[in-house]
There are 2 protein chains.
Amino acid sequence: MDHQIDDIDKKIMQLLQHHARMPISQISKEISMSQPSVKDRILKLEDKKIISEYSTVFNLRDLNRGTTSFILIKTEHCQELVDFCEGAREVTDLFRISGEFNYLIKVQTASVEELAEFQDSLVRIGPSKSHICLKNILENRVLL
Amino acid sequence: MDHQIDDIDKKIMQLLQHHARMPISQISKEISMSQPSVKDRILKLEDKKIISEYSTVFNLRDLNRGTTSFILIKTEHCQELVDFCEGAREVTDLFRISGEFNYLIKVQTASVEELAEFQDSLVRIGPSKSHICLKNILENRVLL
DNA sequence: GTTGAAAAAACAGAGGA
DNA sequence: TCCTCTGTTTTTTCAAC
């Protein structure tokens, strides 16, 4: 069953996207719609899982994980890699991908030295290639 | 100036991470601390920008952007690439990286066909290599 | 850090355009 | 489907300790 997202839904989603704690009352003002209706629409978006969660974004620099890197790895020990990554604090993202390498890992470390250590711990799983991120230009942006 | 994040802060952050709209009252109950104190700590985390924002995560499948891909591109027309990506709805992430390729683009399209179209529009900027994501195993996870 | 009272916001219905 | 109006509950805020 498909949910039709109309322009009003879109406006609400745009407001919530970067201000998830915004009160219904304020959303109501901004889009000139009554609070019950706004609440109703948000509930529907949540029920249909169009809104999958409200999350809090932390400044990774303050958590000593300000260095972003991407590691491409080729391995036959898939489960081992997945288990390893799930347990590793440095790993924020893991994708099974097509191509020469079969996994892409996004890693947040305190420094490039720590990245080297992390990559060292991957050698027994398979050959890898790392790209240090010099600048995060866009991140996690969804245009509605 | 450095902010010392203690265990109580960490607990609050863990609760907020995937439930950004959780009321102070509930956080207060869960960690057995008075509401004003919880509120006070959250305000400090916000002021110090340790909490950088509260965001809403959408189900990209419902937005007709359920296919994740990564494109590595090598170009000398950096500004052109950045401008192009900022204007492209498909692009959610863009990183300047080290290595043979100098940019990594994360793309969300409706299908692989749409990915092909997108990659076609990049040819004039530079040679690129794309990896279709077959499975999103971990995404945007921060272990505190 | 706590308590407790005042203010503000969210919720739940009913009735109607 | 959306609105307004209402009362009720919950949450937030802010004082004093």
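Per chain, numbering begins at 1; letters A, B, ... match sequence-line order.
Within 4.0 Å of R41(B), counting heavy atoms only, lie sugar-phosphate atoms of the nucleic acid but no base atom.
A search for side-chain hydrogen bond (donor to acceptor under 3.5 Å, both in side chains) contacts involving N64(B) returns nothing, not counting sequence neighbours. Applying the side-chain hydrogen bond (donor to acceptor under 3.5 Å, both in side chains) test to T109(A) and every residue at least two apart in sequence or in another chain returns nothing. Residues satisfying the side-chain contact (heavy atoms from CB on, under 4.5 Å) test with V57(A), not counting sequence neighbours, are S52(B), E53(B), S55(B). With sequence neighbours excluded, no residue forms a salt bridge (charged side-chain N to carboxylate O under 4.0 Å, His left out) with D83(A). With sequence neighbours excluded, the residues forming a side-chain contact (heavy atoms from CB on, under 4.5 Å) with N140(B) are N140(A), listed by chain and number. For D7(A), the side-chain hydrogen bond (donor to acceptor under 3.5 Å, both in side chains) criterion is met by no residue, not counting sequence neighbours.
The nucleotide range of DNA chain D contacted by chain B, defined by atoms under 4.0 angstrom from heavy atoms of the protein and reported 5' to 3', is dT11(D) to dC14(D). Nucleotides of DNA chain C that come within less than 4.0 Å of any heavy atom of chain A span, from the 5' end to the 3' end, dA9(C) to dC11(C).
For residues 87-99 of chain A, no residue pair satisfies the side-chain hydrogen bond (donor to acceptor under 3.5 Å, both in side chains) rule, not counting sequence neighbours. Here ring-ring contact (aromatic ring centres under 6.0 Å, His included) pairs that include residues 58-85 of chain B, with residues two or more places apart or in two chains, are F95(A)-F70(B), F84(B)-F118(B).
Axis orientation changes by 30° from one end of the helix from dG1(C)-dC17(D) to dA17(C)-dT1(D) to the other, with each end axis drawn from 5 pairs and the value rounded to 10°.
Listed by residue number, the members of residues 32-40 of chain B with any heavy atom below 4.0 angstrom from DNA chain D are Q35(B), P36(B), K39(B).
Under 3.5 Å, the side chains of Q119(A) and S128(A) contain a donor-acceptor pair of N or O atoms. Between the side chains of E46(A) and Y54(A), at least one donor-acceptor pair of N or O atoms lies under 3.5 Å. Under 3.5 Å, the side chains of T68(B) and Q108(B) contain a donor-acceptor pair of N or O atoms. Side-chain atoms of S25(B) and S28(B) form no donor-acceptor pair, as typed in the model, at a separation below 3.5 Å.
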